Amino acid sequence: MSFFNELANQYIDGEWRTGTGSWDIIDFNPYNGEKLAAITVATAQEVDEAYRAAERAQRVWATTNPYERRLVLERALRITEERTEDIIGAINDELGGTRLKAEFEIGCAKDFLREAIQQAVRPEGRILPSPVDGKENRVYRLPVGVIGVISPFNFPFLVTMKSVAPALALGNAVVIKPNQNAPVVGGGLIAKIFEDAGLPAGLLNVLVTDIAEIGDALIAHPVPKVISFAGSDRVGRHVGATAGGLFKRTILELSGNSALVVLDDADIDYAVDAAVFSRFVYQGQVCMAANRILVDRSLAPEFTEKFIAKVAALRTGDPRDPETQIGPVINTFQADALTALVDQAVAEGATALVRGGTRGNLVEPTVLAGLPDDSPLLAQEIFGPVALLMTFDGEEEAVRIANDTPYGLSGAVHTRNAERGVRFAQRIVTGMFHVNDSTIADDPMVAFGGEKLSGAGRLNGDATVEAFTTQKWISIQHGRTEFSL
């Protein structure tokens, strides 16, 4: 409890302080309902204070030797490694994540910190030729300034870190607004790591608040030049429209409805393992999760039997128990919504091959088959442990079904012929697609992002450098230009 109370605060200009709003956000443990902390919300005034502090600090940080910036990132990585067990406990308690989920998230976050260490010294300028005699063209790559980061509840440590670490490495300052369900893991915990790593005050700020208190102040404020948002497409649409109207750059990582496709020559046992992981890791609360599992009809009987057996054996319970594979969903609203969704599907004619019960926020896995082609469930994101099992006849139908969604984030295909898999992947309208693997993957070197309603822009590797820097052209005339009117 003291751990959460220490970090469950606003962090503005290097100071931990209580918000001045008129109400509190209560941070609950989704498994047992324990109150972890109460955080008085930040107001629009504090949003302004955080952005102004970031703006001041960034001017100095941008001129700091990139090797010095890199040292801060190196210390942040060491601190993260030293505090791994504390972070795992926080993910267990605040997010309801199992140990496997926590280790996966922290491992990825460490990889992104390692990449950010390199990014600190990676940006390169260019000297370009000119058709004008005597002219030298220099193109400098500079930090954009201040970045607003709005992070989700499901992988808040990772998703926040993958924007924060490179942004700082590249000479920017950051203001984070963590999700209300993850104010410590997605906010305070990260601020504390960088504070202890010696990051100068003002460069990283955390605002725990809500749109009901601040409206669009976080997005519309004149200081931030880039807004990095991860969350639902509904909210992302508003973020994009508001920021775009003010000529701000946006990186939007939004909802998904990924398909995991099992072709007629797939390794069935391996595909089953990949499908179970892709659908049920962290209770299915993952934007890249395989909502739809598509199986060639010739393999459907064997695949279905093995898939159902593996799903039915998943253990639901306390996320702190190392034997638990399915922990609680994030809150009661989500648990009730998932229960209603399954009831609706069955009423529409779907068959529940596995029908899990709901106990508080513990939602046991469900597998549905036989949904009508016009079922709205097939087109939407299901943020929970509910799998939709579908069959198809041949690749053409598989391509059609996989693309029949307004989303385009991730996906996977299983086949013994890797090049066949690549050809299939090229036909699916997504930002990412994986051959003989899970639908869930993130790599610090490879561009990450979606198509259609799954977002805009990319992060990771060179894409992050592009997102968080700008180019400036400076020309030098070594001779004399002839001017005439």
Side-chain angles (χ1 to χ4, degrees), residues 108-109 111-112 115-116 119 122-123 141-152 154-156 158-179 186 216 218-221 223-258 286-288 381 405-411 428-434 439-472:
C108 287
D111 285 340
F112 277 94
E115 173 64 8
Q119 286 170 327
R122 184 175 296 163
R141 187 168 287 280
L142 305 172
V144 294
V146 178
I147 296 166
V149 176
I150 305 173
S151 61
N154 57 345
F155 280 80
L158 168 60
V159 175
T160 308
M161 189 68 81
K162 68 186 290 188
S163 284
V164 168
L168 293 171
L170 293 165
N172 300 287
V174 181
V175 173
I176 304 169
K177 192 200 95 57
N179 187 279
D216 286 333
L218 198 83
I219 306 166
H221 195 281
V223 166
K225 301 300 184 289
V226 177
I227 303 295
S228 179
F229 170 84
S232 72
D233 60 292
R234 179 183 60 83
V235 178
R237 189 189 302 269
H238 177 76
V239 171
T242 303
L246 297 168
F247 298 97
K248 296 178 186 287
R249 193 184 302 175
T250 54
I251 308 297
L252 304 174
E253 180 195 327
L254 309 180
S255 307
N257 183 16
S258 299
V286 186
C287 58
M288 294 173 283
E381 180 177 54
T405 171
Y407 301 106
L409 185 57
S410 186
I428 310 303
V429 185
T430 59
M432 305 169 287
F433 209 86
H434 309 288
T439 61
I440 300 171
D442 204 351
D443 188 310
M445 292 292 290
V446 184
F448 182 105
E451 299 292 335
K452 301 191 280 189
L453 296 186
S454 287
R458 297 290 188 270
L459 286 179
N460 301 3
D462 292 340
T464 298
V465 175
E466 190 67 33
F468 295 156
T469 61
T470 189
Q471 296 183 70
K472 184 170 185 175

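A quick note: this is a predicted structure, and the numbers were derived from the prediction, not measured.
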- Kindly confirm or rule out a cation-pi arrangement of Lys162 over Phe155, judged by NZ or CZ under 6.0 Å from the six-membered ring centre and within 45° of its axis? no
- Item | Val446 backbone acceptor or donor facing Asn460 side chain under 3.5 Å | yes
- Within the side chain of Ser258, is there an N or O that forms a donor-acceptor pair under 3.5 Å with the backbone of Ser410? yes
- Of Thr160, Val146, Val164, the one forming a side-chain contact (heavy atoms from CB on, under 4.5 Å) with Val174 is Val164
- Short question: side chain of Thr250, backbone of Leu252 - any donor-acceptor pair under 3.5 Å? no
- Item | Option from Arg122, Arg458, Arg141 for which salt bridge (charged side-chain N to carboxylate O under 4.0 Å, His left out) with Glu466 holds | Arg141
- Kindly say whether His221 contributes a backbone atom to a donor-acceptor pair with the side chain of Lys248 at under 3.5 angstrom? yes
- Shortest non-hydrogen contact from Pro166 to Gln119? CB-OE1, 3.0 Å
- Counting only N and O atoms by type, is there a donor-acceptor contact under 3.5 Å from the side chain of Asn172 to the main-chain atoms of Val144? yes
- Candidate pair Asp442 and Phe448, rule side-chain contact (heavy atoms from CB on, under 4.5 Å), full reasoning: CA-CA 7 Å; Asp442 204 351; Phe448 182 105; 3.2 Å; yes
- Is there a donor-acceptor contact under 3.5 Å from the side chain of Lys177 to the main chain of Val175? no
- Would you find a donor on one side and an acceptor on the other, under 3.5 Å apart, between the side chain of Ser454 and the backbone of Ser255? yes
- Query: For Thr242, does its backbone N or O pair with a side-chain atom of Asp216 as donor and acceptor, under 3.5 Å?
  - Reply: no
